[in-house]
Amino acid sequence: MSRKIFNIILSGGSGTRLWPLSREKKPKQFLKMFKGLSLFQHTINRNKNIVDDFLLITNSSQIDHAQKQVKEIKSEIIKQIIEPAGRNTAPAIALAAFSLNADDIMLVTPSDHMIGDLELYNKSVQRAIELADDNYLVTFGIKPMNPNTGFGYIEHEYENVLSFREKPDLKTAKLFLEKGNFSWNSGIFCFKASTFLSELRKYNENMYTTSKKAYESINHKGEIDRDLMLSIPSDSIDYAVLEKSDKIKTVLSKFYWTDLGTFDAIIDYYNKNNSVNDLIKNEKNSYLFSSSKKFFTNKEGLIVVDTEDVLVVLEKNKTKDIKNIYNQIKSEIPELK
């Protein structure tokens, strides 16, 4: 049987960084903020001409949103795995790998990132597939535009990975840019199913074994037994496999990429791309996120997020603080999560 290329779409998350716009049951990948489509829908459209098929990994609270949005863009995802509890990226990818043939190629992508320069993106994916066919685990390193402290970094010598670095402080991030051989770690990966499982078994046999047992419990709807899912150790692909393996390559990528992880990042994306959106209103360098209200202010540097049940006011360039507000709300008014 000839090998197929699958886009493994990771669609979990709890929507904390863009709360209250995004919520646990409808996180940011399903918000239709980008030319009338969601990030989830853009992910499918971006990859449908590259891959042979899709495999969706999500949870029971998000599967209905996902299926509805797939239909809206007249697409189809036959393979799906529904996790009853999140165990981070490494187990999710392992479950997907167990469902494929050994030589199938996995293009693993988050569902909540935005990518531009699709010609450059396609070239990077094709190079990653070539390396994956040679039994490498491939990461996508993004050329840094600034000393961002919100991303992990990959130190490399051409396509050879020298090290993975955690999110740095500003001084370290500036040093990375000066050195010139550091890329942002995009969280996009490519490899054969068999290569990933072999490396997982080599470096984390417990995760391999418990993931295999959990996969074997899957029912006709794609649902996994909760107790078996919870028996899997929770860890990221970076910690569980990539930082230990000697089969790592990186594709140095120049396409536009953003994880849109904060309100500041969304505003930056719209300003850079001259995008027009009914949801975002700009007045004196302050911004309102609201689909229905007019916006007037004499104060610069504000970000106001207005939803049906919550109003939040933040300082521009400090929108990461929403996490603290969310954590307070989560314990005091859990129905607003």
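- Taking the charged nitrogens against the carboxylate oxygens, E216 and K212 do have a contact shorter than 4.0 Å, which makes a salt bridge.
- Tracing side-chain contacts under 4.5 Å through hydrophobic residues (I, L, V, M, F, W, Y), one never reaches V108 starting from I9; they form parts of separate clusters.
- Note: Y239 and F164 fail the aromatic proximity criterion, with ring centroids not under 6.0 Å apart.
- The shortest distance between side-chain heavy atoms of F295 and V304 falls below 4.5 Å.
- Checked by atom type and distance alone, the side chain of S253 never pairs as donor or acceptor with a backbone atom of F255 at under 3.5 Å.
- The shortest heavy-atom contact between A66 and F40 is O-CE2, 3.6 Å.
- In terms of modelled atom types and a separation under 3.5 Å, the side chain of Q80 and the main chain of T58 share no donor-acceptor contact.
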Checking K192 against N135 for the side chain to side chain donor-acceptor pair (under 3.5 Å) test, could you report, in this order, the C-alpha distance in whole Å, the side-chain angles of both residues, the deciding distance, and whether it holds? CA-CA 7 Å; K192 281 182 189 174; N135 298 310; 3.0 Å; yes
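- With no hydrogens or angles considered, no side-chain donor-acceptor pair links D264 and T262 at under 3.5 Å.
- Using modelled atom types, one side-chain atom of N327 and one backbone atom of K323 make a donor-acceptor pair closer than 3.5 Å.
- For F289 and F263, the distance between ring centers is under 6.0 angstrom.
- Considering every non-hydrogen atom in both E300 and K284, the closest pair reads CG-O, 3.0 Å.
- Annotation: side chain of P20 is in contact with side chain of V305 (closest heavy-atom distance under 4.5 Å).
- The nearest pair of heavy atoms linking S290 to D306 is OG-OD2, 3.5 Å.
- Taking every heavy atom of both residues into account, I280 and Y287 meet most closely at CG2-CD2, 4.0 Å.
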Give the C-alpha distance, both sets of side-chain angles, the deciding distance and a yes or no for side-chain contact (heavy atoms from CB on, under 4.5 Å) between L137 and K249. CA-CA 6 Å; L137 302 175; K249 293 286 187 181; over 6 Å; no
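- The backbone N or O of E223 sits less than 3.5 Å from a side-chain atom of N219, completing a donor-acceptor pair.
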side-chain contact (heavy atoms from CB on, under 4.5 Å) between L107 and F189: does it pass, once the steps are laid out? CA-CA 6 Å; L107 174 64; F189 311 102; over 6 Å; no
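- Distance alone, capped at 3.5 Å, is enough to place a donor-acceptor pair between the S124 side chain and the L120 backbone.
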Pair S231, T210 - check side chain to side chain donor-acceptor pair (under 3.5 Å), show working. CA-CA 6 Å; S231 75; T210 51; 5.0 Å; no
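- Between P110 and I188 the shortest side-chain heavy-atom distance falls below 4.5 Å.
- Between the side chain of R201 and the backbone N or O of Y208 there is no donor-acceptor pair closer than 3.5 Å.
- Looking at K32 and E72, a side-chain N of the basic residue comes within less than 4.0 Å of a carboxylate O on the acidic one, giving a salt bridge.
- Taken together through direct or relayed side-chain contacts under 4.5 Å among Ile, Leu, Val, Met, Phe, Trp and Tyr, I224 and I77 form parts of separate hydrophobic clusters.
- Residues E24 and S61 share a closest heavy-atom pair of O-OG, 4.2 Å.
- No donor-acceptor pair under 3.5 Å is formed between the side chain of E283 and the backbone N or O of L288.
- Listed for the D103 side chain is no donor-acceptor partner under 3.5 Å among the backbone atoms of R3.
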Pair W257-F151, ring-ring contact (aromatic ring centres under 6.0 Å, His included): steps then yes or no: CA-CA 12 Å; W257 170 89; F151 303 141; 5.0 Å; yes
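- Formation of a donor-acceptor pair under 3.5 Å by the N47 side chain with backbone atoms of T43 is found in this model.
- By the 4.5 Å heavy-atom criterion applied to side chains, I78 and E76 are counted as neighbours.
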Step by step, work out the side chain to side chain donor-acceptor pair (under 3.5 Å) result for T319 and N317. CA-CA 6 Å; T319 60; N317 299 319; over 6 Å; no
